[in-house]
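For this chain, numbers begin at 1 and follow the sequence in order. As the structure lists them, so they are numbered: ligands from 1, and atoms in each ligand from 1. These figures come from a predicted structure and were not determined experimentally.
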Amino acid sequence: MVVPVFLPHLGCAGRCIYCHQGYITDAGDAGIQTRIDAAFAGRTEPCDVGLFGGNIFGIAPDVLARIFSFFEPYRTLIRTFRLSTKPVPLRDETIALLKKNGVGLIELGIPTFNHTILAALNRAHTGEDLFRAYGRLKNEGFTLALQFMVGLPGETEADIDETIRNMVLLQPAYIRIYPLVVLENTPLYSLYRSGTFVPADFDDVLDRACRIYVNAVQNGIGVANVGLTDNELVRDMIAGGFYHPAYGFLVQSRIFIKAIEEVLPQFGSPAEITVIIHKNDVPLLVGHKRENIRRLAARGIAVSWDVSGKERGKFAIMSGAKIVAGCASIA
Ligand code: SF4
């Protein structure tokens with residue numbers, strides 16, 4: 001169980017052009033303490049605490065120390081802290097504070113390793129900063145995860161290749177993938193409204209998320225939720241981009257159908273197939289609003305399924321007397 005504590009824009013020296021953390025503006029001490037007390041009200045079971053929103057590394061060490069002090073009444077319940085942050089600024093004092101207060105896991109945000117795009121996003125850090133922070137924090141004993149984005153202005157397939165290469169090199173405990181969302185009252189929104197930023201095709205961006213996801217799974221890297229949760233954005237501010245309430249499902253079901261399609265050529269041009277799958281994978285085979293079924297139907301293939309499969313992700317396709325096994329890289 002993770003108790004989330006939201007610190008909106010705390011420690012953000014400047015705003016990333018796509019970011020707007022909702023309407024909560026009370027990020028002063030009293031507001032933070034009140035939210036912490038509310039999060040622990042009536043809690044008796046041990047828990048982890050997640051600090052998110054803002055840039056934790058950007059919070060002045062004395063302020064961060066004060067925030068940790070607000071957790072003192074609940075110390076006996078807190079197993080560990082986890083947090084998400086930009087990789088800068090990397091301060092010795094901050095690292096010491098995190099260790100002293102029992103932070104175990106740090107998620108580092110690196111939307112892309114393309115420096116030009118990072119600068120255009122006003123991230124105010126580079127890929128080298130990420131590598132520097134990653135190496136230092138790893139040596140200090142923290143468990144590390146990475147947060148990537150897809151659908152960024154100017155993003156190419158080569159940028160996704162670079163993200164995948166660096167992810168495999170760094171071997172984080174897990175990753176998160178966020179599709180870019182255009183929120184009102186952000187600089188990105190102005191670019192979008194003026195036509196300076198024209199989002200790429202939704203399907204192409206979904207494929208990019210799938211590529212990162214598959215490569216993570218195939219390299220033993222976990223994948224935490226894909227897409228934005230309702231904690232992370234205010235729905236009525238969405239003006240465009242790649243938001244979908246079931247984005248993670250879209251990614252997994254796209255991966256599933258592509259894995260099936262890789263096996264299909266071994267059957268020539270079958271009119272009918274039966275897919276043997278784990279029962280929990282049926283929705284992934286069918287797809288969002290049956291889009292995978294329609295996709296196969298468009299190729300003249302009727303699909304049925306048999307849920308005697310034992311392992312998630314593993315499947316076998318049967319057509320006539322022939323059976324071929326396959327595997328979809330879903331976490
Ligand atoms: S994305 Fe993170 S670092 Fe950038 S403005 Fe938003 S909270 Fe701050």
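The aromatic ring centres of Phe81 and Phe71 sit less than 6.0 Å apart. With ring centers used as reference points, Tyr178 lies 6.0 Å or more from Tyr247.
Of all the listed residues (Gly109, Gly54, Gly53), Gly54 holds the heavy atom that lies closest to atom 2 (Fe) of ligand 1.
In summary, the atoms of ligand 1 found under 4.0 Å from a heavy atom of Lys86, numbered by their order in the structure, are 3 (S). Ligand-side atoms of ligand 1 in range of Cys19: 1 (S), 5 (S), 6 (Fe), 7 (S), range being under 4.0 angstrom from any heavy atom.
A salt bridge links Arg136 with Asp92; the closest basic N to acidic carboxylate O contact falls under 4.0 Å.
Looking from atom 7 (S) of ligand 1 to the surrounding protein, the closest heavy atom is Gln21 NE2, 3.3 Å. Of the protein's non-hydrogen atoms, the one nearest atom 5 (S) of ligand 1 is Cys16 N, 3.3 Å.
Judged by distance alone, the side chain of Asn292 and the main-chain N or O of Ser253 form a donor-acceptor pair under 3.5 Å.
Rounded to the nearest 0.5 Å, atoms CZ (Arg211) and CD1 (Ile160) are 6.5 Å apart.
Within the 2.8 Å limit, Cys12 places no N, O or S atom next to atom 6 (Fe) of ligand 1.
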